[in-house]
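Values reported hereafter were calculated over all heavy atoms of this structure, with side chains retained and with hydrogens, waters and symmetry mates removed. In listed order, ligands and their atoms are each counted from 1.
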Amino acid sequence: MKKPRSARIETLAVHAGHSVDPATGAVAMPIQLSTTFERAADGSFPSGYTYSRTDNPNRKALEQAMATLEGGAAGAAFASGLAATMSVFHALSPADHVIVSSDVYHGTTKMLHHLYERWGLAMSFINFDEPDALAQALRTKTRLVWMETPSNPLLKIIDIAAVAQLTQQAGALLLCDNSWAPIVQRPLDLGCDLVMHSTTKYIGGHCDVTGGVLVAKTDDEFFAAIRTVQTEGGAVPSPFDCWLTLRGVRTLPCRMRAHSENALAIARFLSTHAKIDRVYYPGLDTHPAHEIAAKQMSAFSGMLSFEVHGGLDDAMAVAGRTKLFTRATSLGGTESLIEHRASIEGPATRTPQNLLRVSVGLEHADDLIADLEQALG
Ligand SMILES: *Cc1c(COP(=O)(O)O)cnc(C)c1O
């Protein structure tokens, strides 16, 4: 007999963590607002739920769905991406050492400096572009390597499988912040132990819910420690937030395909435009790490940056003239956003002053290109 092929990602996204409500037959999952759950006469909890901070049906459904999509053993959902991040660092011990890619999300860097330096966590920020940087930074005390690829806002690419090999040899855990490339990049398949997402971005997908999620390859002691932080620290999302985020999951593979197609079309247009000095998009074969990106990503997601010929004022003027693109931070929603990165990152930024970052939405690519064309003048 032919073995049935396991379901494809689109099918999993629609069905993971989904069941028809046994009480009512409702096809869309009800939002379970109850904070507390009934005990049986013998004192047991027949539903498996006791109190909503500890566990809730909407959160469980989201956690199961994300574990399924990332190919992991277990998931944990949080009130924000940074609450997920904090739970990982909190599950470490103060004497541990962590290695972090130097251009991670600025909130991650700020958290490490403001909260965990004081706490005694040892940390090294390294540039993964330098071939020996990781090997030199690894110590016997290194417990965790934290990386983010593609990076923000320069869309640098880290070779996940190569990093996983070195990290594994050193006996450390490897985590990938996959917020920028859900579905199209599967870090656990490439050797990571943990995946983190700000679900505020592509997974929620509509700029209307803040959240975070962690998925572990194995449901081990370290993940149990993370869960302890989640439930005893109370870094949990509301049932409604879980419900909205899970609704986003249902369309995620289709949206990622459309975001990626639109972004590639825009990147190609921009790379031929006379007023553009440089385009950063891993889907372009002129990107310095395009080959690695093509090896580890099935599409290149919807984020890109470009440098406008001139300086700060020229870039600001282009952003100021767009009509379809909204000038706002964040990413991953249905609507396209444009942002001058250096000014939001503050005086310490190393981002070029003429750089604009774009979150390409789900509008028609030709309309977006026409808008950029008029904005570039
Ligand atoms: C937004 C973002 C975060 C932080 O997530 P929040 O939901 O804002 O707390 C972390 N990592 C990356 C890559 C992000 O884009």
Side-chain angles (χ1 to χ4, degrees), residues 59 62 66 70 75-90 98 100-116 125 128 144-158 160 175-185 187 192 194-215 226 229-230 233-238 240-242 244-246 248-249 252 256 259 263 280 282 297 300-305 328-333 337-339 341 344-345 349 351 357-361:
R59 197 166 94 217
L62 172 61
M66 284 311 303
E70 287 287 6
F78 296 85
S80 68
L82 285 184
T85 301
M86 191 174 74
S87 297
V88 174
F89 294 128
H90 236 69
V98 296
V100 183
S101 49
S102 53
D103 55 353
V104 279
Y105 180 67
H106 66 294
T108 307
T109 312
K110 274 200 290 194
M111 177 191 292
L112 281 163
H113 289 316
H114 294 164
L115 303 185
Y116 291 97
F125 294 89
F128 279 86
L144 176 77
V145 176
W146 182 291
M147 67 176 175
E148 188 179 309
T149 179
S151 79
N152 173 28
L154 297 181
L155 284 299
K156 286 194 191 173
I157 299 293
I158 301 171
I160 300 175
L175 181 146
C176 181
D177 180 339
N178 203 27
S179 304
W180 279 35
I183 304 294
V184 299
Q185 178 171 277
C192 290
L194 292 155
V195 179
M196 175 262 166
H197 285 281
S198 165
T199 57
T200 314
K201 314 297 164 55
Y202 284 108
I203 295 174
H206 297 75
C207 291
D208 56 10
V209 58
T210 303
V213 81
L214 289 167
V215 175
I226 286 173
V229 178
Q230 177 204 28
V236 294
S238 75
F240 183 50
D241 287 357
C242 294
L244 273 178
T245 304
L246 186 53
V249 168
L252 183 60
M256 289 314 293
H259 283 297
Y280 299 85
M297 302 175 83
F300 303 99
S301 196
M303 294 303 296
L304 63 92
S305 297
T329 193
S330 201
L331 59 119
L337 304 178
I338 192 162
E339 175 177 46
R341 256 333 268 184
I344 198 149
E345 288 174 359
T349 184
T351 299
R357 188 188 86 177
V358 164
S359 169
V360 179

Which protein N or O atoms sit under 3.5 Å from any N or O of ligand 1? Give each pair with its distance.
from, atom 1, to, atom 2, distance (Å)
ligand 1, 5 (O), Ser198, OG, 3.0
ligand 1, 7 (O), Gly81, N, 2.9
ligand 1, 7 (O), Ser198, OG, 2.8
ligand 1, 7 (O), Thr200, OG1, 2.7
ligand 1, 9 (O), Gly81, N, 3.1
ligand 1, 9 (O), Leu82, N, 2.9
ligand 1, 11 (N), Asp177, OD2, 2.6
ligand 1, 15 (O), Trp180, NE1, 3.3
ligand 1, 15 (O), Lys201, NZ, 2.7

### Message
Restricting to non-hydrogen atoms, name the atom on Cys207 and the atom on Gly333 that form the minimum distance, rounded to 0.1 Å.
### Response
SG-CA, 3.9 Å
#### Entry: Heavy-atom donor-acceptor pair, Asn178 side chain to Gln185 backbone, under 3.5 Å
yes
### Query
Under 3.5 Å, side chain of Ser301 to main-chain N/O of Ala181, donor-acceptor pair present?
no
### Query
Do the rings of His90 and Tyr116 sit parallel, tilted or perpendicular, given the 30° and 60° boundaries?
perpendicular
### Query
Can you list the residues that meet the side-chain hydrogen bond (donor to acceptor under 3.5 Å, both in side chains) rule with Ser179, with sequence neighbours excluded?
Asp177
### Message
Using 30° and 60° as the class boundaries, would you call the ring planes of Tyr202 and His259 parallel, tilted or perpendicular?
### Response
perpendicular
